[in-house]
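Working notes, structure below.
Start at 1 and go down the list; that is how both ligands and their atoms are numbered.
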Amino acid sequence: MNQPRPEKNKTFKRSAHFAWEGVKTAYREERNFRFHISMTVIVFLGSLAFDFSPSDYKWLLVAVFVVIASEILNTIIENLVDLVIDEYHPLAKKVKDMSAGIVLISAVFSFIIGLLLFVPKIMTYF
Ligand SMILES: Nc1ncnc2c1ncn2[C@@H]1O[C@H](COP(=O)(O)OP(=O)(O)OP(=O)(O)O)[C@@H](O)[C@H]1O
């Protein structure tokens, strides 16, 4: 398992390549990440049915990126905990639960933004 540490990325292109690899890994391995990406697509397609202003789209982007970024952060923390310890430990539980809490809080934030954006637009149809 012990392999020499890979060389540090020397170019922006190489760094971007490995960063993209990380995003692809999160997509492949994390069901919740795929769920949030699907929700993002649905929300943006849904927004086309309404008269969204540039400011509305700005908030939509913030809501979407907050959830996706916190999902990646949660995945990083879970993997790091598993790397350090593979048996039950109360601290590992604390760290993983708090990490999941980040996702929960950002999902609630995004849900509220979604309600504030979509509900008034939907109401105009009634
Ligand atoms: N090493 C550990 N020691 C103590 N509790 C743990 C440990 N690993 C996981 N847990 C508990 O199990 C829960 C689920 O952990 P797990 O790593 O399976 O995350 P997950 O359910 O796969 O999360 P996600 O759905 O975000 O991928 C944690 O929130 C924590 O309460």
(request) Among all protein heavy atoms, pick the one closest to atom 3 (N) of ligand 1 and tell me residue, atom and distance. (result) His89 N, 3.0 Å
(message) Would Glu30 count as a polar contact of ligand 1, with the cut-off being nitrogen or oxygen pairs under 3.5 Å?
(response) yes
(request) Just need the protein heavy atom nearest to atom 18 (O) of ligand 1, so name the residue and atom and give the distance. (result) Lys96 NZ, 4.8 Å
(message) For Phe52 together with Phe44, are the ring centres under 6.0 Å from each other?
(response) no
(message) Within the 4.5 Å heavy-atom criterion, are Ile122 and Phe50 side-chain neighbours or not?
(response) yes
(message) Side chains of Ile85 and Val81, heavy atoms from C-beta outward: is any pair under 4.5 Å?
(response) yes
(message) Could you tell me, atom by atom, which parts of ligand 1 come under 4.0 Å of a heavy atom of Asn74?
(response) 26 (O)
(request) Give yes or no for whether the N/O distance cutoff of 3.5 Å, strictly under, is met between Tyr88 and ligand 1. (result) no
(request) Give the atoms of ligand 1, by number and element, whose distance to some non-hydrogen atom of Glu87 is under 4.0 Å. (result) 1 (N), 2 (C), 3 (N)
(request) Please indicate, with yes or no, if any protein heavy atom is found under 4.0 Å from atom 21 (O) of ligand 1? (result) no
(request) Identify which one of Glu71, Arg31, Glu30 satisfies the side-chain contact (heavy atoms from CB on, under 4.5 Å) criterion when paired with His36. (result) Glu71
(request) Just let me know how Thr75 lines up against ligand 1, side chain, backbone, both or neither, with a heavy-atom cut-off below 4.0 Å. (result) neither
(message) Donor-acceptor pair, distance only, cut-off 3.5 Å: does the side chain of Ser110 make one with the backbone of Ala107?
(response) no
(message) Regarding atom 6 (C) of ligand 1: of the candidates Lys93, Glu78, Lys94, which has the closest heavy atom?
(response) Lys93
(request) Can you measure from OG1 (Thr40) to CG (Leu60) and round to the nearest 0.5 angstrom? (result) 8.5 Å
(message) Side chains of Val43 and Phe118, heavy atoms from C-beta outward: is any pair under 4.5 Å?
(response) yes
(message) Below 4.0 Å, non-hydrogen atoms only: which portion of Asn32 touches ligand 1? Side chain, backbone, both or neither.
(response) side chain
(request) Could you find the nearest protein heavy atom to atom 30 (C) of ligand 1 and give me its residue, atom name and distance? (result) Asp97 OD1, 3.3 Å
(request) Evaluate the 4.0 Å heavy atom contact test for atom 12 (O) of ligand 1: does a protein atom fall under the cut-off? (result) no
(request) Report yes if the side chains of Ile102 and Leu73 come closer than 4.5 Å at any heavy-atom pair, otherwise no. (result) yes
(request) For Ala92, take its heavy atoms, then give the atoms of ligand 1 lying under 4.0 Å from any of them. (result) 1 (N), 2 (C), 3 (N)
(message) Around atom CG of Asp97, are there more than 12 heavy atoms from other residues, nucleotides or ligands closer than 6.0 Å?
(response) yes
(request) Ignoring hydrogens, tell whether any protein atom lies closer than 4.0 Å to atom 24 (P) of ligand 1; use the non-hydrogen atoms only. (result) yes
